[in-house]
Enquirer: 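Questions regarding the structure given below will be posed in turn.
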Amino acid sequence: MSAKTDILPEIVKVCHRLYEKGFVAATDGNVSTRLPCGHFLTTRTAVNKGDIMEADILETDESGSPLDAAFKPSTELGMHLFIYHQRPDVHAVVHAHPPFATGFATAREPLRSCLFPEVIIGLGAVPLAEYATPSTAEVSESLAPYIASADAILLANHGVVTCGRDIWDAYYKMEKVEHAAQITLIARLLGGETALSEEDVLKLRALSEPVYGKDMSGKPACEFRPGEPAGESPESPDLNPQEIIRRMMRPST
């Protein structure tokens with residue numbers, strides 16, 4: 001975790017990036033980080049993320065009470081605090097309304113299919129939380145079944161929340177979710193997406209930590225749903241990760 005003086009400009013950069021990317025509109029969205037002392041930094045309510053300055057970022061205590069009463073913290077701070085309390089490994093949370101991903105959330109469709117290598121090894125499946133009234137305790141309750149393992153969750157008819165080891169890790173996961181949703185929609189417009197085979201996914205999982213440096217143990221795995229198109233997979237050998245890597249790295253003759 002970084003000190004407050006180091007993280008404030010990074011929160012500003014992330015907020016500006018969210019607005020520039022079209023992931024938020026008007027005063028939507030909120031961002032927070034956990035400080036080494038146990039306090040939190042969070043964007044204040046009713047401020048456009050494209051205009052946000054360091055003065056618009058508040059420090060709160062462990063319960064979410066602001067140390068300076070000049071502004072009110074984000075109305076979704078309760079959701080952020082719930083995530084922090086459930087996940088000691090999480091030090092930043094980003095909530096936004098990226099259009100493509102929020103479209104899937106509004107269609108009540110999670111992003112769980114085995115489609116993109118970068119998502120499979122870098123994020124895992126993205127579940128869908130049931131609809132909850134924004135800015136209420138219902139939102140935290142809707143996340144409860146998933147937050148122990150998922151770093152990105154679609155909020156039905158609401159948006160997306162991502163979390164990570166730092167502010168940029170959480171933000172980049174938001175980008176990845178939106179990119180996956182956009183590509184999925186384009187594939188459907190072109191006739192339908194084709195899922196990777198189980199053998200393909202097995203190879204990716206074997207490479208996730210030793211090659212890509214991603215520890216995906218415990219993360220939500222993508223799903224092979226009945227009736228979903230799948231890539232050709234004549235065989236799915238029961239190989240351990242070391243054997244898969246050995247075969248893939250073996251020079252061709």
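Side-chain atoms are counted along with the backbone in the values below, which use heavy atoms only and exclude waters and symmetry mates.
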Enquirer: So which pairs with a foot in residues 172-191 pass ring-ring contact (aromatic ring centres under 6.0 Å, His included), sequence neighbours left out?
Expert: Trp168-Tyr172
Enquirer: In the structure I gave you, are the side-chain heavy atoms of Met174 and Pro98 within less than 4.5 Å of one another anywhere?
Expert: yes
Enquirer: Hey, does Glu178 have a side-chain heavy atom less than 4.5 Å from the side chain of Pro99?
Expert: yes
Enquirer: How many angstroms lie between OG1 in Thr102 and CZ in Phe100, if you round to the nearest 0.5 Å?
Expert: 11.0 Å
Enquirer: Could you state the interatomic distance from CD (Glu10) to CD (Glu54), rounded to the nearest 0.5 Å?
Expert: 9.5 Å
Enquirer: Hey, does Leu196 have a side-chain heavy atom less than 4.5 Å from the side chain of Leu204?
Expert: yes
Enquirer: For residues 69-84, which side-chain N or O atoms pair as donor and acceptor with protein atoms under 3.5 Å away, sequence neighbours left out?
Expert:
residue : atom : partner : partner atom : Å
Ser74   : OG   : Asn30   : ND2          : 3.2
Ser74   : OG   : Glu76   : N            : 3.1
Thr75   : OG1  : Ser135  : OG           : 2.9
Glu76   : OE1  : Ser135  : N            : 3.3
Glu76   : OE2  : Ser135  : N            : 3.1
His80   : ND1  : Ser32   : OG           : 2.6
His80   : NE2  : Asn30   : OD1          : 2.7
Tyr84   : OH   : Ser32   : O            : 3.0
Tyr84   : OH   : Ser32   : OG           : 2.7
Tyr84   : OH   : Thr33   : N            : 3.3
Tyr84   : OH   : Val93   : N            : 3.4

Enquirer: Holding to side-chain hydrogen bond (donor to acceptor under 3.5 Å, both in side chains), I want the full list of residues that pass it with Asp51, two or more places apart in sequence or in another chain.
Expert: none
Enquirer: Going by an N to O cut-off under 4.0 Å, is there a salt bridge joining Arg188 and Glu109?
Expert: yes
Enquirer: Could you give the distance from CG (Leu143) to CD (Gln86), rounded to the nearest 0.5 Å?
Expert: 9.5 Å
Enquirer: Indicate yes or no for a side-chain donor-acceptor contact from Arg44 to the backbone of Leu58 under 3.5 Å, with no hydrogens or angles considered.
Expert: no
Enquirer: Can you check whether Asp151 reaches Cys163 side chain to side chain, under 4.5 Å on heavy atoms?
Expert: yes
Enquirer: Does any N or O in the side chain of Asn48 come within less than 3.5 Å of the main-chain N or O of Ala26, such that one atom is a donor and the other an acceptor?
Expert: yes
Enquirer: Over all heavy atoms of both residues, which pair between Gly159 and Ala105 is shortest? Give the atoms and the distance, please.
Expert: O-CB, 4.0 Å
Enquirer: For the NZ atom on Lys21, are there more than 12 heavy atoms of other groups (residues, nucleotides or ligands in this structure) within a distance under 6.0 Å?
Expert: no
Enquirer: Determine the minimum heavy-atom distance between Thr162 and Ala170, stating which atoms define it.
Expert: OG1-O, 2.8 Å
Enquirer: Do any N or O atoms from the side chain of Thr136 and from the backbone of Glu138 form a donor-acceptor pair under 3.5 angstrom?
Expert: yes
Enquirer: Please report the closest heavy-atom contact between Cys15 and Val31, naming both atoms and the distance.
Expert: SG-CG2, 4.0 Å
Enquirer: Looking at Glu62, I want to see if its CD is surrounded by more than 12 non-hydrogen atoms of other residues, nucleotides or ligands under 6.0 Å.
Expert: yes
Enquirer: Which heavy atom of Pro127 sits nearest a heavy atom of Ala152, and at what distance?
Expert: CD-O, 3.4 Å
Enquirer: For residues Val12 and Val14: do they belong to one hydrophobic cluster (side chain heavy atoms under 4.5 Å, members Ile, Leu, Val, Met, Phe, Trp, Tyr)?
Expert: yes
Enquirer: Please say yes or no: joined through hydrophobic side-chain contacts below 4.5 Å, possibly via intermediate residues, are Leu128 and Ile153 part of one cluster?
Expert: no
Enquirer: Quick check: is Val161 connected to Leu123 through a chain of hydrophobic side chains (ILVMFWY, heavy atoms under 4.5 Å apart)?
Expert: no
Enquirer: Is there a path of hydrophobic side-chain contacts, each under 4.5 Å between heavy atoms of I/L/V/M/F/W/Y residues, joining Val177 to Val24?
Expert: yes
Enquirer: With side chain to side chain contact (heavy atoms under 4.5 Å, CB included) as the test, would you mind laying out the steps for Ile7 and Ile57 before giving the verdict?
Expert: CA-CA 11 Å; Ile7 194 62; Ile57 301 167; over 6 Å; no
Enquirer: Please report the interatomic distance OH(Tyr171) to NZ(Lys176), rounded to the nearest 0.5 Å.
Expert: 12.0 Å
Enquirer: Sequence neighbours excluded, which residues qualify as side-chain hydrogen bond (donor to acceptor under 3.5 Å, both in side chains) partners of His158?
Expert: His95
Enquirer: Which pair of non-hydrogen atoms, one from Ala101 and one from Leu154, has the smallest distance, and what is that distance?
Expert: O-CD2, 4.0 Å
Enquirer: Do you know which two heavy atoms are closest between Lys173 and Gly164, and how far apart they sit?
Expert: NZ-CA, 3.9 Å
Enquirer: For the CZ atom on Phe116, are there more than 12 heavy atoms of other groups (residues, nucleotides or ligands in this structure) within a distance under 6.0 Å?
Expert: yes
Enquirer: Identify, with sequence neighbours excluded, every residue that meets salt bridge (Lys or Arg N to Asp or Glu O under 4.0 Å) alongside Asp89.
Expert: Arg87
Enquirer: Mind jotting down which residue pairs meet the side chain to side chain donor-acceptor pair (under 3.5 Å) criterion with at least one end in residues 140-149? Sequence neighbours excluded, please.
Expert: none
Enquirer: Cluster question for you: counting only ILVMFWY and a side-chain heavy-atom cut-off of under 4.5 Å, with indirect links fine, are Phe104 and Val119 together?
Expert: yes
Enquirer: Can you find a heavy atom in the side chain of Cys114 that is under 4.5 Å from one in the side chain of Ile120?
Expert: yes
Enquirer: Test your reading of the model: is there a side-chain donor-acceptor pair from Lys49 to the backbone of Asp28, 3.5 Å cut-off?
Expert: yes
Enquirer: Can you check whether Phe23 reaches Glu175 side chain to side chain, under 4.5 Å on heavy atoms?
Expert: yes
Enquirer: I need the Thr42 OG1 to Ile11 CD1 distance, nearest 0.5 Å.
Expert: 8.0 Å
Enquirer: How far does CD1 of Ile183 sit from CG of Leu111, to the nearest 0.5 angstrom?
Expert: 11.0 Å
Enquirer: Output yes when a side-chain donor or acceptor of His16 lies under 3.5 Å from a complementary backbone atom of Ile52, and no otherwise.
Expert: yes
Enquirer: Hey, are the side chains of Asn157 and Thr106 touching, using non-hydrogen atoms and a 4.5 Å cut-off?
Expert: yes
